[in-house]
*Asks:* 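Structure incoming, see below.
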Amino acid sequence: TECSPPTADANVSQYACLRRTTTENHNKIFTDVLEELAENSEFNESKGPCLAFRRAASVLKSLPSAVHCLGAIQGLPCLGEHTKAVMEEILIFGRSFKVEEVQSDERYQALKLFTSVFGVGPKTAEKWYRRGLRSLKEILAEPNIQLNRMQRAGFLYYRDISKAVSKTEAKALRSIIEETAHWIAPDSILALTGGFRRGKEYGHDVDFLLTMPEMGKEEGLLLRVIDRLRDQGILLYCEHQGSTVDMSKLPSRRFEAMDHFEKCFLILRLEEGQMERDEGLAVRVDLVAPPVDRYAFALLGWTGSRQFERDLRRFARKERGMCLDNHALYDKTKKLFLPATSEEDIFAHLGLEYVEPWQRNA
Ligand code: DGT
Ligand code: MG
């Protein structure tokens with residue numbers, strides 16, 4: 001059959017921050033497979049292929065229509081030979097044998113299951129797999145395994161927190177936390193970030209930023225909010241990390257490195273009446289408390305998507321000679337920090353057109 005004209009007008013950028021990607025993904029049949037292959041590469045510590053599959057998926061997500069033939073992706077960036085082979089399988093057979101092979105792999109299945117527990121990363125998962133463990137039951141039954149506090153909470157609330165959180169539930173949480181924060185400090189500012197700020201209907205957790213309009217006034221606020229949530233009986237788990245911000249340091253190159261803001265990783269209970277479900281529901285919540293002069297950077301960094309963030313930093317470094325992270329933007333040529341009070345300021349410093357949060361689903 002005749003191949004439709006290329007979806008690829010030559011304007012698709014290799015950088016996600018120069019593309020607009022809404023939650024409407026016309027190429028899910030490809031991107032689901034590519035992301036699964038990326039995850040498998042991650043488990044095998046193949047960083048190159050992992051990034052390549054993630055970039056390819058991200059480019060396909062930005063396309064305005066579904067790809068129906070290989071001709072349509074000609075000239076698109078970031079689509080390598082492996083990706084094209086996978087797409088060809090899907091176009092011809094309606095399925096990918098490569099991904100089916102991965103899905104039926106015992107190790108992949110075990111690592112995917114283990115890392116679905118809050119507090120369990122690829123390293124721990126690998127360790128358990130090597131000890132011959134294959135199911136969550138086996139892990140809990142193994143007397144020689146020492147779970148840390150986070151992992152114990154992960155197992156305890158597994159049924160709830162492995163379910164997707166809905167937008168309605170995220171909004172209910174927002175009201176609870178906002179009310180709590182305002183009760184303590186009426187002028188405190190709470191912002192929803194992460195996937196829900198990007199307009200996603202479901203998420204694996206709910207992310208918030210909490211700050212005060214006056215510098216320094218945010219100190220102690222987060223701990224008081226946590227105490228108050230505990231008093232209300234809805235705090236199921238809390239891991240608090242104090243601020244380790246060192247502003248004399250240049251922005252970090254390593255994206256995966258966690259930022260230095262004071263934050264807490266919580267499990268909160270949404271109660272009856274606050275949501276559609278009958279019984280209480282345990283939900284994962286991240287609360288990050290940057291000082292107000294870092295707020296714009298923190299907001300940009302925590303809104304995601306991860307691929308959008310990676311490409312923003314890569315663009316800043318490669319195309320502008322600048323260093324961007326969740327705390328600051330540094331111009332290496334001029335040897336100075338570029339201040340910002342809004343996300344728009346940061347895009348402007350980078351010489352980028354502003355990309356709305358709902359266009360950052362790269
Ligand atoms: P989801 O899975 O529905 O919750 O989707 P997101 O996009 O909300 O993903 P999430 O909650 O893991 O993270 C939200 C954003 O926060 C993410 O795009 C980047 C930032 N972020 C989260 N964790 C880390 C981290 O460990 N390091 C860095 N640098 N950024 C992080
Ligand atoms: Mg999230």
Side-chain angles (χ1 to χ4, degrees), residues 16-17 21-23 25 31-32 35-36 38-39 42 51 54-55 57-58 61 112 115-123 150 154 160-171 173-174 177 190-210 239 241 243-245 249 251-268 282-290 294-314 316-317 323-329 343 346 355-362:
C17 52
T21 314
T22 65
T23 53
N25 176 3
T31 59
D32 282 354
E35 283 177 344
E36 201 140 15
E39 195 177 21
E42 195 169 18
L51 197 57
R54 288 206 199 286
R55 279 197 188 142
S58 182
K61 281 182 192 176
K112 199 169 164 77
T115 54
S116 74
V117 179
F118 173 51
V120 179
K123 292 234 163 69
M150 194 181 257
D160 276 3
I161 60 184
S162 60
K163 280 182 219 155
V165 186
S166 72
K167 194 190 263 185
T168 314
E169 289 156 355
K171 281 183 183 161
L173 272 166
R174 194 214 146 87
I177 300 172
L190 184 78
L192 184 64
T193 64
F196 289 110
R197 181 161 185 251
R198 302 196 309 274
K200 274 175 54 174
E201 290 294 325
Y202 292 95
H204 98 280
D205 66 1
V206 193
D207 309 288
F208 296 99
L209 288 191
L210 176 67
E239 159 127 349
Q241 289 181 354
S243 165
T244 54
V245 180
K249 285 221 179 89
S252 153
R253 252 153 205 266
R254 286 175 36 247
F255 167 74
E256 300 303 336
M258 199 34 117
D259 64 46
H260 300 291
F261 297 124
E262 181 187 11
K263 60 174 76 69
C264 58
F265 307 106
L266 308 176
I267 300 176
L268 295 184
V283 184
R284 272 274 303 116
V285 172
D286 288 345
L287 256 175
V288 186
R294 306 287 145 179
Y295 182 77
F297 296 101
L299 184 61
L300 181 60
W302 276 87
T303 298
S305 68
R306 279 167 187 271
Q307 196 55 39
F308 189 88
E309 302 297 331
R310 274 193 200 103
D311 279 1
L312 255 183
R313 288 159 198 231
R314 190 164 61 98
R317 198 174 60 245
C323 243
L324 172 71
D325 70 8
N326 285 4
H327 318 96
L329 178 63
E343 291 180 312
I346 304 170
V355 181
E356 299 283 355
W358 57 89
Q359 300 170 327
R360 300 181 203 162
N361 289 284

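We count ligands from 1, going down the list as the structure has it; atoms in each ligand are counted the same way.
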*Asks:* Could you tell me whether some N/O pair between Arg198 and ligand 1 is separated by less than 3.5 angstrom?
*Replies:* yes
*Asks:* Would you check if the Mg ion (ligand 2) lies under 2.8 Å from any N, O or S atom of Asp286?
*Replies:* no
*Asks:* Could you list the atoms of ligand 1 found under 4.0 angstrom from a heavy atom of Gly203?
*Replies:* 3 (O)
*Asks:* Looking at ligand 1, does any of its N/O atoms fall within less than 3.5 Å of an N/O of Gly194?
*Replies:* no
*Asks:* Has the side chain of Arg174 got a donor or acceptor atom that lies under 3.5 Å from a matching backbone atom of Val206?
*Replies:* no
*Asks:* Any heavy atom of Asp259 closer to ligand 1 than 4.0 angstrom?
*Replies:* no
*Asks:* Which atom, counting only N, O or S, brings Asp205 closest to the Mg ion (ligand 2)?
*Replies:* OD1
*Asks:* Does some side-chain heavy atom of Leu287 sit less than 4.5 Å from a side-chain heavy atom of Leu266?
*Replies:* yes
*Asks:* Determine, for Glu343 against Arg360, whether the closest basic-nitrogen to carboxylate-oxygen distance falls under 4.0 angstrom.
*Replies:* yes
*Asks:* Given side chains that start at C-beta, do those of Thr303 and Arg198 come closer than 4.5 Å, heavy atoms only?
*Replies:* yes
*Asks:* Flag Arg306 as yes when one of its N or O atoms lies below 3.5 Å from any N or O atom of ligand 1, and as no otherwise.
*Replies:* yes
*Asks:* Give yes or no for whether the N/O distance cutoff of 3.5 Å, strictly under, is met between Asp205 and ligand 1.
*Replies:* yes
*Asks:* Would you name the N/O/S atom of Asp207 that lies closest to the Mg ion (ligand 2)?
*Replies:* OD2
*Asks:* Where on Asp207 is there a heavy atom closer than 4.0 Å to ligand 1, on the side chain, on the backbone, on both, or on neither?
*Replies:* side chain
*Asks:* For ligand 1, which atoms have a heavy atom of His204 less than 4.0 angstrom away?
*Replies:* 1 (P), 2 (O), 3 (O), 4 (O), 11 (O), 12 (O)
*Asks:* Please list, in number order, the atoms of ligand 1 under 4.0 Å from a heavy atom of Gly304.
*Replies:* 18 (O)
*Asks:* Distance under 4.0 Å to a non-hydrogen atom of Gly301: what atoms of ligand 1 satisfy this?
*Replies:* 16 (O), 19 (C), 20 (C)
*Asks:* Using a 3.5 Å distance criterion without hydrogens, assess whether the side chain of His327 forms a donor-acceptor pair with backbone atoms of His260.
*Replies:* yes
*Asks:* Spell out, as yes or no, whether a donor-acceptor pair under 3.5 Å connects the side chain of Asp160 to the backbone of Lys163.
*Replies:* no
*Asks:* How about Asp286 and Phe265: do any of their side-chain heavy atoms sit closer than 4.5 Å?
*Replies:* yes
*Asks:* Would you say Lys200 has any N or O atom under 3.5 Å from an N or O of ligand 1, going by distance alone?
*Replies:* yes
*Asks:* Sub-3.5 Å donor-acceptor pair from the side chain of Thr31 to the main-chain atoms of Ala57, do we have one?
*Replies:* no
*Asks:* Can you check side-chain contact (heavy atoms from CB on, under 4.5 Å) on Val165 and Phe196, steps first, answer last?
*Replies:* CA-CA 10 Å; Val165 186; Phe196 289 110; 4.2 Å; yes
